[in-house]
Amino acid sequence: MKQKFLKTYLLPLAGVVLAVLLALSPSFVSSRYYVAQMGSILAFVVMALSWTIFSTPTGYISLASAAFYGAGIYTAALLGEYMPLPFVMLIAGLISALIALIVGCITLRLRGVYFTIFTFGLVELLKNATLWAEIRISHIRGRFVVAVESIVVFYCIFVLLVLLVAAAYLIRRSRFGMALVSIGESEDAAAHIGINTTLYKILAFMISSFSIGAVGAAMATRFNYIDPQIAFDATNSFMPVLMAIFGGTSSLAGPIAGAVVLAWLRETLITQPGAVGKSYMLIFGAFMVIAILFLPRGLIGLFQDIYRKLKLKKTEGDHANTASKRT
């Protein structure tokens, strides 16, 4: 019971409290570099956790994150001049959820690799559709984005993350979350006991896409100029998956820990001068391969194994002390 409480509640809460203390630190606020870096890390945490809400319980591996993220970026480019960032993020989330609703109604009857391939194809579809619309309708390629102060972006993403953690925790403990788990274990059996599997999958897909689109709108303000190639970067489909797997998908703490570590590593490698900065994806990829080979259950799984071994060792020591006293 204690271990379950630790991995499902205490660790995510500790991470949120630490982020609050950091966000309120005057030295942190005065440094634009650290504010921007922490904003990027929190954005990846949001994306990894959002992906986990849908894909972990259902077993449907989605690679559509870049599509929703790009939709959020273009929403910010179109509306950022007329609305404050929180409203732009809300609209971006709703647009992404609408896309997820349309796509989900069409594709969530597919299973396995077919669904995964289609979601990745959605990224290319939206990229090329946006490019076609810009050239044929606007006669331009790309748009300028209204800049927003880094500290404002950070706090907006931070509030979104807090709400997302709360939503993910409540979903896992609700009947809705139990229905998603039953779909992942046996979708046919779930349908036989009266669960509307398509409806539940679509709702989870929409919740996941909403936060990804919202964080995309916030991160768009980091760019002076965006085009379809930048907005719908396929890397943003794979990064949340890798981060969630690296951290471990058995608890909410896993995607958070994985995203923090890998996002920090990514930001550190990108800013390095010379060959390291140019080849950061090669270094990042090698790190991920090694981590997946030696950490099949992620960071949280590693911590759980260490905890069990220490507990077992302590128990054996207690038994040995008890036996020695009896003799």
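Residue numbers start at 1 and run along the sequence shown.
- Across every non-hydrogen atom of Gly216 and Ile73, the tightest pair is O-CG1, 3.4 Å.
- The shortest non-hydrogen separation linking Pro57 to Phe54 is CD-O, 3.5 Å.
- Among residues two or more places apart in sequence or in another chain, the side-chain contact (heavy atoms from CB on, under 4.5 Å) test is passed with Leu78 by Arg143.
- The hydrophobic clustering, which links ILVMFWY residues whose side-chain heavy atoms are closer than 4.5 Å, places Val181 and Leu199 apart.
- Scanning both residues, Phe154 and Gly39, for their nearest heavy atoms gives CD1-N, 3.8 Å.
- Ring orientation note: the planes of Phe205 and Phe115 are nearly perpendicular, at an angle over 60° on the 30°/60° scale.
- Of all non-hydrogen atoms in Pro240 and Asn236, the two that sit nearest each other are CD-O, 3.1 Å.
- With a 6.0 Å radius and a threshold of 12 heavy atoms from other residues, nucleotides or ligands, Gln229 has its CD atom at or below the threshold.
- Looking at every heavy atom in both residues, Val146 comes nearest to Thr221 through O-CG2, 3.8 Å.
- Within the model, atoms NE2 of His192 and CD of Glu187 stand 11.0 Å from one another, a figure rounded to the nearest 0.5 Å.
- Rounding to the nearest 0.5 Å gives a distance of 13.5 Å between CD1 of Ile171 and CZ of Arg173.
- In this structure, Ala66 and Ala234 approach most closely via the heavy-atom pair CB-CA, 4.3 Å.
- Distance check, rounded to the nearest 0.5 Å: CG of Leu42 to CD1 of Ile256 gives 10.5 Å.
- Atoms CD1 and CD1, on Ile207 and Ile202 in that order, are 12.5 Å from each other to the nearest 0.5 Å.
- There is no path of hydrophobic side-chain contacts, each under 4.5 Å, that joins Leu90 to Met219.
- Hydrophobic clustering places Phe232 together with Ile117 (ILVMFWY residues linked when any side-chain heavy atoms are closer than 4.5 Å, directly or through intermediates).
- For the pair Thr116 (side chain) and Ile61 (backbone), a donor-acceptor distance under 3.5 Å is present.
- Using a 4.5 Å cut-off between side-chain heavy atoms of Ile, Leu, Val, Met, Phe, Trp and Tyr, with links allowed through other members, Val162 and Val260 fall into the same hydrophobic cluster.
- Taking CE of Met239 as the reference point, atom CE of Met47 lies at 8.5 Å (rounded to 0.5 Å).
- A donor-acceptor pair under 3.5 Å links the side-chain atoms of Ser55 to the main chain of Tyr60, judged by distance alone.
- Under a 3.5 Å cut-off, the side chain of Ser211 and the backbone N or O of Ser208 do form a donor-acceptor pair.
- Legend: side chain to side chain donor-acceptor pair (under 3.5 Å) pairs involving residues 70-99, not counting sequence neighbours, sorted by first then second residue: Tyr74-Glu134.
- For the atom pair CD1 of Ile212 and CD1 of Ile53, the computed distance is 9.0 Å after rounding to the nearest 0.5 Å.
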In sequence, state the C-alpha distance, the side-chain angles, and the governing distance for Leu252 and Leu49, and then conclude on side-chain contact (heavy atoms from CB on, under 4.5 Å).
CA-CA 7 Å; Leu252 296 182; Leu49 191 57; 4.0 Å; yes

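- Remark: the Ser186 side chain and the Asp188 side chain contain no N/O donor-acceptor pair separated by less than 3.5 Å.
- The side-chain contact (heavy atoms from CB on, under 4.5 Å) search around Val241 returns Trp51, Leu63, Ile245, not counting sequence neighbours.
- In terms of the side chain to side chain donor-acceptor pair (under 3.5 Å) criterion, Ser237 has no residue partners (sequence neighbours excluded).
- Under the 4.5 Å side-chain contact rule for hydrophobic residues, Met178 and Tyr200 do not share a cluster.
- Within the hydrophobic cluster formed by Ile, Leu, Val, Met, Phe, Trp and Tyr side chains joined at under 4.5 Å, directly or through other members, Leu131 is accompanied by Ile135.
- With sequence neighbours excluded, the residues satisfying ring pair (Phe, Tyr, Trp, His ring centres under 6.0 Å) with Tyr225 are Phe144.
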Evaluate the side-chain hydrogen bond (donor to acceptor under 3.5 Å, both in side chains) criterion for residues Ser40 and Arg222: first the C-alpha distance (whole Å), next the side-chain angles of each, then the deciding distance (0.1 Å), finally the verdict.
CA-CA 10 Å; Ser40 297; Arg222 298 278 299 274; 2.7 Å; yes

